[in-house]
Asks: 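For reference, the structure I am asking about is given below.
Read the numbers this way: they start at 1 and go in the same order the structure lists the ligands and their atoms. In this text the structure is predicted, and so the values were computed from the model without any measurement.
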Amino acid sequence: MKVVVIGAQWGDEGKGKIVDYLAEDAKYVVRYAGGPNAGHTIVVDGKQYALHQVPSGILYKDKSVFLGAGMVIDPEALFNELQMLKDNGIDWEGRVFISDRAHIILPRYREMDKKRDAERKRPIGTTGRGIGIAYAEKAHRDGIRLADLDWAQKMAEFDGEDKAYLDKYRDRLISMRVDLTAKMHEYKDENILFEGAQGAMLDIDSGTYPYVSSGASCAAGAATGCGIGPHDLDKILGVFKAYETRVGNGPMPTEFNDSDAAESELCRTVRETGREYGVTTGRARRCGYLDLVALRYACRVNSLDSLVLTHLDIYDPMEQIEACVAYDIGGKIVTDFPAGVEDMENAKPVLKKFKGWKTSLKNIREYDKLPKEARDYVEFIEDYCETKVGIISVGYERDETFIRTGVWK
Ligand code: IMO
Ligand code: MG
């Protein structure tokens with residue numbers, strides 16, 4: 001069975017934790033989009049791991065992981081990450097593979113990325129990891145893939161620092177290189193988990209363009225990015241937090257307003273208890289009310305079979321919770337997610353109030369044991385999005401999670 005896990009917001013939804021949790025029943029984990037711009041945090045037995053390029057399944061000793069064709073790979077950062085795993089007692093050798101169709105980020109792309117963003121009239125606030133440059137080179141048809149590393153004519157086109165860099169990593173990359181389509185066919189009867197990076201709203205096509213990343217972080221990206229066709233994807237899960245966050249620039253209609261005392265206090269609480277600081281750049285994340293207009297769009301544009309709700313416990317102390325059910329754009333009430341940047345920038349959230357549960361959810365492992373107020377919040381989300389919430393996470397640890405709807409069947 002093949003299950004896809006995507007982010008249903010602007011990234012940082014807790015995908016790493018959920019992939020790690022679901023990976024227990026998968027034999028292989030394949031990451032399909034982005035590169036070192038991602039930051040997936042996993043906590044196991046109190047120990048925290050921050051993964052950027054290596055799929056989250058790596059923490060299980062018996063799993064093999066694949067970096068897919070839809071990714072852009074920074075070899076230097078990748079081998080540093082693998083070394084970090086080794087230093088923490090995780091033996092990765094022989095179980096990390098990379099698609100021969102994946103593209104390579106050259107070191108100079110990082111500077112080009114930062115310079116280009118600084119020169120933009122409306123900077124995106126990229127992570128500066130060279131992501132956009134690598135995907136642009138790919139689209140220009142001037143990129144370099146792992147498959148090209150032993151193509152003598154192509155390699156002869158590189159000189160200076162580029163050549164030295166590629167020479168340094170060439171043999172190691174070749175030793176990890178695979179034909180992912182052949183592998184996916186070979187493993188067609190196994191459980192395979194496809195790990196998304198970024199999120200629905202950061203997808204190059206369906207996201208809040210131009211304030212997006214450059215890869216296909218949508219569900220369809222699992223197919224194009226992993227060498228299989230869309231028919232082979234059995235289930236698609238979308239992870240979202242009980243509130244909204246965003247890193248970098250671009251419209252975010254439900255962002256807490258810093259000049260409003262109550263919202264500014266709410267922002268502080270959510271940011272601190274939710275640890276809303278970037279794993280990749282350390283930037284404080286922008287925080288806001290859950291945006292159901294955006295979430296329902298994410299469900300539709302990605303054919304989500306079910307939702308995974310994380311960080312529900314962050315609302316434990318709240319008297320009242322609010323979520324956005326429509327946008328007010330210049331007096332017009334809108335519930336379909338707009339493509340226009342100006343519409344998005346002018347959108348004022350129409351908020352619905354929910355009663356808080358004012359108790360800790362940390363030890364709850366069954367849906368029916370959730371306080372009624374929490375169930376009301378979840379069930380409203382399900383009705384609004386016309387999509388069930390199948391998994392709920394109430395803490396950072398692997399086991400602080402419970403399933404309502406089985407995934408691998
Ligand atoms: P994970 O997988 C949150 C954002 C950046 C920036 C925009 C473009 O951890 O959820 P890029 O460097 O990709 O060109 O930056 O996308 N961004 C993310 N935000 N989580 C991520 O990944 C992100 N990857 C990119 O902040 O606004
Ligand atoms: Mg992140």
Asks: Quick check: N249 and ligand 1, any N/O pair under 3.5 Å apart?
Replies: no
Asks: Strictly under 4.0 Å, does any heavy atom of R246 approach an atom of ligand 1?
Replies: no
Asks: In this structure, are over 12 heavy atoms from other groups packed under 6.0 Å from K63 atom NZ?
Replies: yes
Asks: Between the side chain of T254 and the main-chain N/O of G288, is any donor-acceptor distance below 3.5 Å?
Replies: no
Asks: List the closest protein heavy-atom neighbour of atom 15 (O) of ligand 1: residue, atom name, distance to the nearest 0.1 Å.
Replies: T126 CA, 3.4 Å
Asks: For atom 19 (N) of ligand 1, which of the options I204, T280, L202, I124 provides the nearest non-hydrogen atom?
Replies: L202
Asks: Please report which non-hydrogen protein atom sits nearest to atom 12 (O) of ligand 1, along with the residue it belongs to and the distance in Å to one decimal place.
Replies: T127 OG1, 2.6 Å
Asks: Which protein non-hydrogen atom lies closest to atom 8 (C) of ligand 1, naming both residue and atom, and how far is it?
Replies: V212 O, 3.4 Å
Asks: Heavy-atom contact check, 4.0 Å cutoff: does R285 meet ligand 1?
Replies: no
Asks: Tell me whether ligand 1 is touched by G125 - counting only heavy atoms on the residue side and a distance under 4.0 Å.
Replies: yes
Asks: Suppose I only count heavy atoms of W10 and a 4.0 Å limit; which atoms of ligand 1 are within that range?
Replies: 3 (C), 19 (N)
Asks: Just by distance, do the side chain of E13 and the backbone of G11 share a donor-acceptor pair under 3.5 Å?
Replies: yes
Asks: Looking at K235, I want to see if its NZ is surrounded by more than 12 non-hydrogen atoms of other residues, nucleotides or ligands under 6.0 Å.
Replies: yes
Asks: Would you mind running through ligand 1 and noting each atom that sits below 4.0 Å from a heavy atom of D12?
Replies: 1 (P), 3 (C), 9 (O), 10 (O), 20 (N)
Asks: With no hydrogens and no angle check, is any side-chain donor or acceptor of K15 less than 3.5 Å from a backbone partner on I6?
Replies: no
Asks: Below 4.0 Å from any atom of ligand 1, is there a heavy atom belonging to H40?
Replies: yes
Asks: Distance under 4.0 Å to a non-hydrogen atom of G248: what atoms of ligand 1 satisfy this?
Replies: 27 (O)
Asks: How far is atom 27 (O) of ligand 1 from its nearest protein heavy atom, and which residue and atom is that?
Replies: V247 O, 3.0 Å
Asks: Step through the shown structure and confirm whether more than 12 heavy atoms of other residues, nucleotides or ligands are within 6.0 Å of CZ on R404.
Replies: yes
Asks: Is it the case that atom CZ in R101 sees more than 12 heavy atoms from other parts of the structure closer than 6.0 Å?
Replies: no
Asks: Touching ligand 1 at all, G39? Heavy atoms, strictly under 4.0 Å?
Replies: yes
Asks: Output the atom name for the N/O/S atom of D12 with the smallest distance to the Mg ion (ligand 2).
Replies: OD1
Asks: Give the single entry among Q9, Q198, R129, R110 that approaches atom 25 (C) of ligand 1 most closely by any heavy atom.
Replies: Q198
Asks: Return the residue, atom name and 0.1 Å-rounded distance of the protein heavy atom closest to atom 13 (O) of ligand 1.
Replies: S213 OG, 2.6 Å
Asks: With heavy atoms of K15 as the reference, note each atom of ligand 1 found under 4.0 Å away.
Replies: 1 (P), 2 (O), 10 (O)
Asks: Between D148 and R145, is there a side-chain N and carboxylate O pair less than 4.0 Å apart?
Replies: yes
Asks: So which heavy atom on H40 is nearest to which on R31, and how close?
Replies: CE1-NH1, 4.4 Å
Asks: Inspect the surroundings of NZ in K332 and state if more than 12 heavy atoms from other residues, nucleotides or ligands are less than 6.0 Å away.
Replies: no
Asks: Can you tell me the protein heavy atom closest to atom 26 (O) of ligand 1 and the distance?
Replies: R283 NH2, 3.0 Å
Asks: Compute the centroid of each ring, for Y135 and then for H140, and state whether the two points are separated by less than 6.0 Å.
Replies: no
Asks: In this structure, are over 12 heavy atoms from other groups packed under 6.0 Å from E272 atom CD?
Replies: yes
Asks: In terms of atom number and element, which parts of ligand 1 are under 4.0 angstrom from non-hydrogen atoms of A197?
Replies: 2 (O)
